[in-house]
2 protein chains.
Amino acid sequence: MNAIRTEIKLDAQRTVFFQEDPADYLYNVTDGNVRVSKMLADGRRQVTGFLFPGDFLGLSLNGRYAYTAEAIRAVTLCRFPREKLESLFADITVLSQRMLTIASNELVSAQDQMLLLGRKSAMEKVASFLLSLSERAIARNEPADPIYLPMARTDIADYLGLTVETVSRTLSHLVKSGVLTLSTATEIVVLDRAHLLDIADGNLSDTNYL
Amino acid sequence: MNAIRTEIKLDAQRTVFFQEDPADYLYNVTDGNVRVSKMLADGRRQVTGFLFPGDFLGLSLNGRYAYTAEAIRAVTLCRFPREKLESLFADITVLSQRMLTIASNELVSAQDQMLLLGRKSAMEKVASFLLSLSERAIARNEPADPIYLPMARTDIADYLGLTVETVSRTLSHLVKSGVLTLSTATEIVVLDRAHLLDIADGNLSDTNYL
DNA sequence: CGAATTTTTGATGTCTGTCAACTCCAGTGG
DNA sequence: CCACTGGAGTTGACAGACATCAAAAATTCG
């Protein structure tokens, strides 16, 4: 591995890489500290980790970094080109390759969930949740439109870091404002998906809904 | 893999496994839904995921499950003995094995962070944060006692889902109550570690500190 | 149909956020 | 050497989003 390694030194406050940049490298912290974070459009930030010497970074989803990494103070990093790194993995089984893919996908969604829990309002949380359920249904080749909620309101609340009452009120408000319809308590029809997307991403100024 | 697979069927509300159980199996959801969660001593719960057909579960840290998994509704699972599964990985390189270990450790701490963000009070968040910094210092063979804070208060706030003001106030309160001393703004001496641990785990009833 | 559970709705409280001012400290230059 | 400056951290007053407590409405299930 030493053959493909490059040592990188960065001053404090420098960016290692930005979220959405092509994920061409994997890094290992040698000295100093790195801050890993995600941002919402309006600037709200969720720091998902602080890295110390020995820690790795460079997690990607479909070839792009899933977060921004910045030096808290002067930092030394070992950089490995992902492409060359993958040739070192050439011999590994399809099975363990899949395991790694699964693990890194789960990590990406874990970080999205941290952003949700730490920085989103109740309304944004619920909207994000409904959309993610819808997207996962599509991934399983199921219809996206009537969103099926197999879990109880209590479970949703504990997933979103809210109370049952707030989840219920928020859903009611979305119904009243014409974004959704509850055909039954466990089945939701989205009437205005664009609006729901705007709410989820925090692009809406009218954030106090209840 | 089919040779070592066992099909498991569970009724709604049944437990697949409990957090801290020996992690002898890896599971794959075939049908139905599973809820994955962590709990604090006083019953506060953080659901870290809802699983649909195709999803995997059974993440472990040092041989024990890192969370509790329960059937939301009747569920069918494929169960793989971890021991036998590992023999299928026998041929893979030490490198990719380490990658998997790193990824799964990161997932475990991501879930701890979700519990923190979703269900802990400001005081519990700060206490947990200081202790985790201390523990990571130990893991790097550094002293645990004077906790070094390389990051700004803003970064801590964005990591814990709080504001700078709340982080500052909370630290001040810990100083006033004799749990800590701030030698400088970036260096903390813990005076009563037991108390800090109790606060972090939510074992203290006097939760309104500010 | 009736009891139990889940969901929804309402009234009130509080933890943490917001806005603002003050303090502390590092760096700069006179 | 020390006043000046700007950013980071702390403290205070007040406000608001969500929690808590309580009860009604809807749904489930024997």
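First the proteins, then the strands, lettered A, B, ... as listed; each starts at 1.
Nearest to the side chain of L182(A), among dT7(C), dT8(C), dT16(C), sits dT8(C). The side chain of A152(A) has dT7(C) as its nearest neighbour among dG9(D), dT16(C), dT7(C). Checking dT8(C), dT16(C), dG9(D) against every side-chain atom of R153(A), the shortest atom distance belongs to dT8(C). For S168(A), the listed nucleotide lying nearest its side chain is dT9(C); candidates were dT16(C), dT9(C), dA19(D). Ranking dT20(D), dG12(D), dC18(D) by closeness to the E165(A) side chain, first place goes to dT20(D).
Note: CD1 (I72(B)) to C1' (dT5(C)) measures 17 Å, nearest angstrom. The CG-P distance, from L149(A) to dT27(D), rounds to 15 Å in whole Å. In this entry the distance linking NE2 of H173(A) with C1' of dG10(C) reads 17 Å, nearest Å. Taking atom CG of L117(B) as the reference point, atom C1' of dC15(C) lies 16 Å away to the nearest angstrom. Following rounding to the nearest Å, L174(B) (CG) and dG9(D) (C1') show an atom-to-atom distance of 16 Å. Summarising the geometry, the separation between CD on E187(A) and C1' on dT28(D) is reported as 17 Å, rounded to the nearest angstrom. Rounded to whole Å, the distance from CG on D158(B) to C1' on dA8(D) is 15 Å. Remark: P of dT18(C) and CG of L162(B) are 11 Å apart, rounded to the nearest angstrom.
Side-chain contact annotation: R193(A) with S134(A), donor-acceptor N/O pair under 3.5 Å present. For the residue pair K120(A) and S128(A), a side-chain donor N or O sits within less than 3.5 Å of a side-chain acceptor on the partner.
Closest-nucleotide positions on DNA chain D for G161(A) and T184(A) were compared, and the one nearer the 5' end corresponds to G161(A). Between V164(A) and T163(B), the residue anchored nearer the 5' end of DNA chain C, judged by the nucleotide with its closest heavy atom, is V164(A). The 5' end of DNA chain C is approached more closely, in terms of each residue's nearest nucleotide, by V167(A) than by the other of R119(A) and V167(A).
Between dT11(D) and S172(B), a contact under 4.0 Å exists linking OP1 or OP2 to a side-chain N or O.
Relative orientation of the Y27(A) and Y65(A) rings is tilted, given thresholds of 30° and 60° on the angle between their planes.
Less than 6.0 angstrom separates the ring centroid of Y159(B) from the ring centroid of F129(B).
For a distance-only test at 3.5 Å, the side chain of R169(B) fails to qualify as a donor-acceptor partner of the base of dG9(D).
Rounding to the nearest 0.5 Å places CG of L171(A) at 8.5 Å from CE of M123(A).
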